[in-house]
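First comes the structure, then the notes that go with it.
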Protein chains: 2
Amino acid sequence: MEKELETIFAQQKLRITRPRREIFRVLQQSQAPLSASMINTHCTTADRTSVYRTLELFHRLSIIKSVQFGWRQRYELADPFKIHHHHLSCTQCGRLIDLQSPEIENLVNVVASQNNFVVTDHTFEIRGLCQDCR
Amino acid sequence: MEKELETIFAQQKLRITRPRREIFRVLQQSQAPLSASMINTHCTTADRTSVYRTLELFHRLSIIKSVQFGWRQRYELADPFKIHHHHLSCTQCGRLIDLQSPEIENLVNVVASQNNFVVTDHTFEIRGLCQDCR
DNA sequence: CATCTTATTGCAACAAATTTGCAATAAGAA
DNA sequence: TTCTTATTGCAAATTTGTTGCAATAAGATG
């Protein structure tokens with residue numbers, strides 16, 4: 001996947017730098033989505049400022065996507081860098097269940113073409129109470 | 001819909017106050033989702049603090065929901081107060097197209113019951129380039 | 001309608017999160 | 001190895017979000 005990163009960067013005169021590598025790795029090694037400040041604390045070398053700037057860059061390049069996490073937002077790697085999935089999220093205990101569904105992928109395409117949209121990404125998330133908390 | 005508000009509040013010893021009314025109205029009159037600070041500037045009487053507190057309260061009561069808007073998150077009225085819908089969002093120009101789809105609603109229920117989940121809310125969002133920006 | 005209880009507000013002071021300007025640094029092309 | 005310039009780190013400024021608390025005002029009650 002570092003391979004893919006290089007490809008993306010190569011073109012638009014962007015450089016693969018140490019902070020960018022580190023932030024990417026942090027995101028990659030995390031199971032759950034992370035908030036900006038969590039990413040911060042996981043980065044030993046990259047400066048706070050770089051984290052924010054990199055996060056925005058990654059988002060613009062669709063390398064990461066942001067997802068709802070409780071009342072706030074967090075980030076995780078996007079499609080080509082992670083197996084595409086969605087979330088079932090328990091509002092009580094915070095549990096996050098990954099979910100894959102061909103039907104959704106399908107629906108995305110149908111809806112998009114109906115609206116003349118070129119899809120780059122999508123999000124599907126169900127919030128509620130999990131088995132244990134219901 | 002003010003009617004519904006009253007019903008919700010009546011029970012749990014909550015009061016319908018001026019700031020709460022104002023914030024609700026601001027949300028109601030807005031086409032697009034608003035950020036906390038946008039809501040702030042639209043409120044003439046309610047204090048910043050009240051806005052934050054009210055937003056959290058409304059969220060807990062499922063009166064509003066938060067949605068992705070570009071890189072950040074914004075709020076809009078939830079189901080009973082607005083027709084349930086999803087978003088097609090253009091990453092280029094920021095355009096937001098409302099979308100309704102019975103299939104999604106359906107899928108939500110199927111997936112949820114497969115996982116023993118009690119659904120309280122869900123999000124579906126497609127990001128990409130709109131007709132004009134593609 | 002006056003009164004009483006207490007949920008809610010506004011404010012001021014904090015604390016945390018995010019942004020900006022800029023000189024120093026280091027990718028990566030030549 | 002050199003050179004260009006994208007990117008970084010740092011310090012300072014802003015913007016966002018939070019907390020404690022006395023003052024206020026919903027709305028229940030008589």
Side-chain angles (χ1 to χ4, degrees), chain A residues 2-27 33-61 63-76, chain B residues 2-27 30 33-61 63-76 94:
Chain A
E2 294 270 325
K3 200 67 167 294
E4 304 190 56
L5 252 200
E6 280 177 28
T7 319
I8 295 179
F9 278 58
Q11 300 153 327
Q12 33 232 316
K13 60 190 173 178
L14 290 172
R15 295 174 183 174
I16 298 191
T17 62
R18 185 144 92 126
R20 287 176 183 171
R21 272 222 183 68
E22 181 172 36
I23 292 163
F24 184 80
R25 198 155 309 135
V26 166
L27 252 356
L34 300 172
S35 67
S37 77
M38 294 169 89
I39 294 171
N40 249 313
T41 58
H42 277 112
C43 286
T44 55
T45 68
D47 181 75
R48 220 186 28 226
T49 310
S50 298
V51 170
Y52 284 113
R53 287 195 278 228
T54 300
L55 247 25
E56 201 200 329
L57 175 70
F58 279 6
H59 187 257
R60 206 168 58 237
L61 298 176
I63 292 171
I64 61 173
K65 60 164 73 173
S66 63
V67 304
Q68 267 333 108
F69 194 93
W71 175 234
R72 304 192 150 295
Q73 90 186 142
R74 296 193 178 179
Y75 311 98
E76 68 178 7
Chain B
E2 295 272 325
K3 200 67 166 294
E4 304 189 55
L5 253 200
E6 278 176 30
T7 319
I8 295 180
F9 279 57
Q11 300 153 327
Q12 35 232 315
K13 59 193 174 177
L14 289 171
R15 294 175 182 174
I16 298 192
T17 63
R18 185 145 92 126
R20 287 175 181 170
R21 273 223 181 68
E22 181 173 35
I23 293 164
F24 184 81
R25 198 157 307 135
V26 166
L27 252 358
S30 167
L34 300 173
S35 67
S37 76
M38 293 168 89
I39 294 171
N40 248 315
T41 58
H42 277 114
C43 286
T44 56
T45 68
D47 180 75
R48 198 155 45 105
T49 311
S50 298
V51 170
Y52 285 113
R53 287 195 277 229
T54 300
L55 247 25
E56 201 200 328
L57 175 71
F58 280 6
H59 187 256
R60 205 168 58 237
L61 298 176
I63 292 170
I64 61 172
K65 59 163 70 175
S66 64
V67 303
Q68 268 329 111
F69 193 92
W71 174 233
R72 305 195 146 291
Q73 91 186 143
R74 296 191 178 179
Y75 311 98
E76 66 176 9

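All values below were derived from every heavy atom in this structure, side-chain atoms included, with hydrogens, water molecules and symmetry-related copies excluded. A note on names: the letters A, B, ... follow the listed sequences, proteins ahead of strands, and every chain is numbered from 1.
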Mind listing the side-chain donor-acceptor pairs of residues 35-43 of chain A below 3.5 Å, one per line with the distance, residues two or more places apart or on another chain?
residue: Ser35(A); atom: OG; partner: Met38(A); partner atom: N; Å: 3.2
residue: Thr41(A); atom: OG1; partner: Met38(A); partner atom: O; Å: 2.9
residue: His42(A); atom: ND1; partner: Met38(A); partner atom: O; Å: 3.0

Quickly work out the [X] [atom1] to [N] [atom2] distance and round it to whole Å.
{"X": "Gln11(A)", "N": "dA29(C)", "atom1": "CD", "atom2": "P", "result": "13 Å"}
{"X": "Lys13(A)", "N": "dT5(D)", "atom1": "NZ", "atom2": "P", "result": "11 Å"}
{"X": "Leu57(A)", "N": "dT7(D)", "atom1": "CG", "atom2": "P", "result": "7 Å"}
{"X": "Ile23(A)", "N": "dT7(D)", "atom1": "CD1", "atom2": "P", "result": "13 Å"}
{"X": "Phe9(A)", "N": "dT5(D)", "atom1": "CZ", "atom2": "P", "result": "20 Å"}
{"X": "Gln73(B)", "N": "dT16(D)", "atom1": "CD", "atom2": "C1'", "result": "12 Å"}
{"X": "Asp47(B)", "N": "dA23(D)", "atom1": "CG", "atom2": "P", "result": "17 Å"}
{"X": "Glu6(A)", "N": "dG28(C)", "atom1": "CD", "atom2": "C1'", "result": "12 Å"}

Protein and nucleotides 13-16 of chain C: nitrogen or oxygen contacts under 3.5 angstrom:
none

*Looking only at side-chain atoms of Arg53(B), point me to the closest of dT19(D), dT8(C), dT8(D).*
dT19(D)
*Hey, are the side chains of Gln68(A) and Gln73(B) touching, using non-hydrogen atoms and a 4.5 Å cut-off?*
yes
*With a 4.5 Å heavy-atom cut-off, do Arg53(A) and Leu57(A) have their side chains touching?*
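A side-chain contact is absent here, since even the closest heavy-atom pair is not under 4.5 Å.
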*With sequence neighbours excluded, tell me which residues meet side chain to side chain contact (heavy atoms under 4.5 Å, CB included) with Phe58(A).*
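Applying side chain to side chain contact (heavy atoms under 4.5 Å, CB included) to Phe58(A) gives Phe9(A), Arg20(A), Ile23(A), Phe24(A), Thr54(A), Ile63(A), Ile64(A).
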_Which atom of Arg74(A) lies closest to which atom of Pro33(A), heavy atoms considered_ = CD-O, 3.5 Å
*Report the end-to-end axis angle of the helix from dC1(C)-dG30(D) to dA30(C)-dT1(D); each axis comes from five terminal pairs, and the value is rounded to 10°.*
50°
How long is the gap from [atom1] on [X] to [atom2] on [Y], to the nearest 0.5 Å?
{"X": "His59(B)", "Y": "Tyr75(B)", "atom1": "NE2", "atom2": "OH", "answer": "8.0 Å"}
{"X": "Gln12(B)", "Y": "Leu14(B)", "atom1": "CD", "atom2": "CG", "answer": "5.0 Å"}
{"X": "Arg21(A)", "Y": "Thr45(A)", "atom1": "CZ", "atom2": "OG1", "answer": "11.5 Å"}
{"X": "Ile8(A)", "Y": "Glu6(A)", "atom1": "CD1", "atom2": "CD", "answer": "11.0 Å"}

*Could you identify which residues of residues 34-41 of chain B place a heavy atom less than 4.0 Å from some atom of DNA chain C, listed by residue number, or say none?*
none
*Expected output: side-chain Glu22(A) to main-chain Thr44(A) donor-acceptor under 3.5 Å*: yes
Show me the protein contacts with nucleotides 24-30 of chain D, counting only N or O atoms at under 3.5 Å.
residue: dA26(D); atom: N3; partner: Arg15(B); partner atom: NH1; Å: 3.1
residue: dA26(D); atom: N3; partner: Arg15(B); partner atom: NH2; Å: 3.4
residue: dG27(D); atom: OP1; partner: Ile16(B); partner atom: N; Å: 2.8

*asked:* It should be established whether Tyr52(A) places a side-chain nitrogen or oxygen under 4.0 Å from OP1 or OP2 of nucleotide dT18(C).
replied: yes
